[in-house]
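See below for the structure under consideration.
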Amino acid sequence: MNDSSTERTAVVLDFWCELQCPDCRGALDDLRALRSRYGDRLEVRLRHFPLEKHKHAFAAAQAAEEALEQGQGWPYIEAVLGRVEELHRKGEPFLIEVARELGLDAEEFDTALVDGRHILIVDADQAEGKAIGVTGTPTYVIGGERLDGGKSQEGLRERVEEIADRLLEEQAGPDGR
């Protein structure tokens with residue numbers, strides 16, 4: 001049995017995102033780089049913040065939750081974000097199309113969008129986001145610090161890395177273990 005005092009917990013990066021947002025698509029490269037650099041030492045959590053100006057964003061957030069439930073959350077999120085113009089043009093049928101392309105249960109996606117089983121998660125994320133001052137996407141929260149990427153993503157990855165490095169160093173303790 002492992003001694004739990006030596007187990008490290010991952011640093012959590014909350015990524016407040018909207019799947020119809022071109023700026024969030026731009027953040028994908030930063031997220032990939034962060035996941036590559038930190039591996040399982042950084043847990044990137046998708047947090048939903050659908051904006052009213054994008055009429056398919058709320059459905060896309062629900063679809064992302066269904067993809068997470070089916071074990072393909074990030075591939076689905078990246079596929080949808082990579083094609084925001086198609087989501088804008090095609091709407092909900094596009095969300096099902098992406099699920100099918102990734103080999104997910106598209107029928108279950110369709111059902112989930114109709115029965116609204118993931119609405120509470122999306123609503124809770126949005127309410128929490130508003131409560132902590134999220135006003136646009138992408139927004140990152142790490143170590144209690146909110147970094148707004150909606151206006152500019154310049155230097156954000158570096159700032160996330162600084163905070164993550166500090167938190168991981170603090171976890172390691174004074175002897176580096």
Side-chain angles (χ1 to χ4, degrees), residues 1-51 57 60-84 98 102-104 118 120-177:
M1 198 163 153
N2 288 342
D3 178 9
S4 63
S5 64
T6 60
E7 286 181 26
R8 288 194 186 89
T9 56
V11 169
V12 174
L13 171 65
D14 282 333
F15 174 58
W16 297 86
C17 174
E18 196 244 62
L19 294 181
Q20 201 176 342
C21 170
D23 291 334
C24 289
R25 176 182 51 200
L28 281 178
D29 287 340
D30 284 344
L31 287 176
R32 286 184 192 115
L34 289 166
R35 287 205 302 265
S36 171
R37 175 175 174 169
Y38 294 102
D40 61 3
R41 296 178 304 147
L42 181 71
E43 179 189 349
V44 179
R45 292 191 311 199
L46 176 71
R47 305 301 300 273
H48 302 288
F49 203 78
L51 303 170
Q62 293 176 71
E65 282 301 313
E66 182 60 30
L68 286 162
E69 201 166 277
Q70 292 189 30
Q72 290 289 316
W74 282 106
Y76 184 84
I77 292 159
E78 290 190 20
V80 172
L81 274 176
R83 296 156 62 188
V84 290
V98 172
L102 292 173
L104 297 169
H118 302 297
L120 291 177
I121 294 170
V122 176
D123 282 347
D125 274 2
Q126 193 166 34
E128 184 181 336
K130 286 179 181 173
I132 65 168
V134 174
T135 57
T137 58
T139 295
Y140 305 88
V141 177
I142 181 169
E145 189 167 336
R146 181 172 35 88
L147 307 167
D148 183 354
K151 292 178 181 59
S152 169
Q153 294 178 59
E154 189 71 33
L156 276 185
R157 184 171 83 205
E158 292 78 10
R159 185 71 188 114
V160 168
E161 288 173 348
E162 284 172 21
I163 296 168
D165 289 345
R166 186 189 77 230
L167 293 171
L168 288 167
E169 196 174 296
E170 287 171 4
Q171 276 184 11
D175 61 357
R177 284 189 273 155

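- The two atoms that bring Leu167 and Gly143 nearest to each other are CD1-CA, 3.7 Å, heavy atoms only.
- Leu31 is listed as a side-chain neighbour of Trp74, based on a closest heavy-atom distance under 4.5 Å.
- Trp16 has its side chain within reach of Asp125: a pair of non-hydrogen atoms, C-beta onward, lies under 4.5 Å apart.
- Ala79 and Leu102 get closest at one heavy-atom pair: CB-CD1, 4.4 Å.
- Taking all atoms of both residues into account, the shortest heavy-atom contact from Ala67 to Leu104 is CB-CD1, 4.3 Å.
- Between Tyr140 and Phe15, some side-chain heavy-atom pair lies under the 4.5 Å cut-off.
- Here the shortest heavy-atom pairing between Leu19 and Ala61 reads CD1-N, 4.4 Å.
- Within the 4.5 Å cutoff, no side-chain heavy atoms of Thr9 are placed close to those of Glu43.
- When every heavy atom of Asp23 is checked against every heavy atom of Pro138, the shortest pair comes out as CB-CD, 3.6 Å.
- Atoms OG1 and CG, from Thr139 and Asp14 in turn, are 11.0 Å apart once rounded to the nearest 0.5 Å.
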* To do: Step by step, work out the side-chain contact (heavy atoms from CB on, under 4.5 Å) result for Ile142 and Leu42.
  => CA-CA 10 Å; Ile142 181 169; Leu42 181 71; 4.3 Å; yes
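- The closest side-chain heavy-atom distance from Asp30 to Val160 is not below 4.5 Å.
- Atom CD of Glu154 is surrounded by 12 or fewer heavy atoms from other residues, nucleotides or ligands within 6.0 Å.
- To the nearest 0.5 Å, the span separating CG on Leu147 from CD on Glu158 amounts to 11.5 Å.
- The distance from the CG atom of Leu34 to the CG atom of Leu13 is 6.5 Å, given to the nearest 0.5 Å.
- Atom CG of Leu81 and atom CG of Leu28 lie 5.0 Å apart (nearest 0.5 Å).
- Separation of atoms CD1 (Ile77) and CG (Leu68) is listed at 5.0 Å; rounding is to 0.5 Å.
- The residues Glu78 and Arg35 are annotated as salt-bridged, a charged nitrogen and a carboxylate oxygen being separated by less than 4.0 angstrom.
- With hydrogens and angles ignored, the 3.5 Å screen pairs no side-chain donor or acceptor of Gln62 with any backbone N or O of His118.
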* Worked verdict on Phe49 versus Lys130 for side-chain contact (heavy atoms from CB on, under 4.5 Å) -> CA-CA 9 Å; Phe49 203 78; Lys130 286 179 181 173; 3.9 Å; yes
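- Checking Glu18, Glu128, Glu65 one by one against Arg47, the salt bridge (Lys or Arg N to Asp or Glu O under 4.0 Å) holds for a single residue, Glu128.
- We find that Glu162 and Arg159 are joined by a salt bridge, their nearest charged nitrogen and carboxylate oxygen being less than 4.0 Å apart.
- Using a distance-only test at 3.5 Å, with no hydrogens or angles considered, a donor-acceptor pair links the side chain of Arg146 to the main chain of Ile132.
- Gln126 contributes atom CD, which lies 8.0 Å from atom CG of Leu51 (distance to the nearest 0.5 angstrom).
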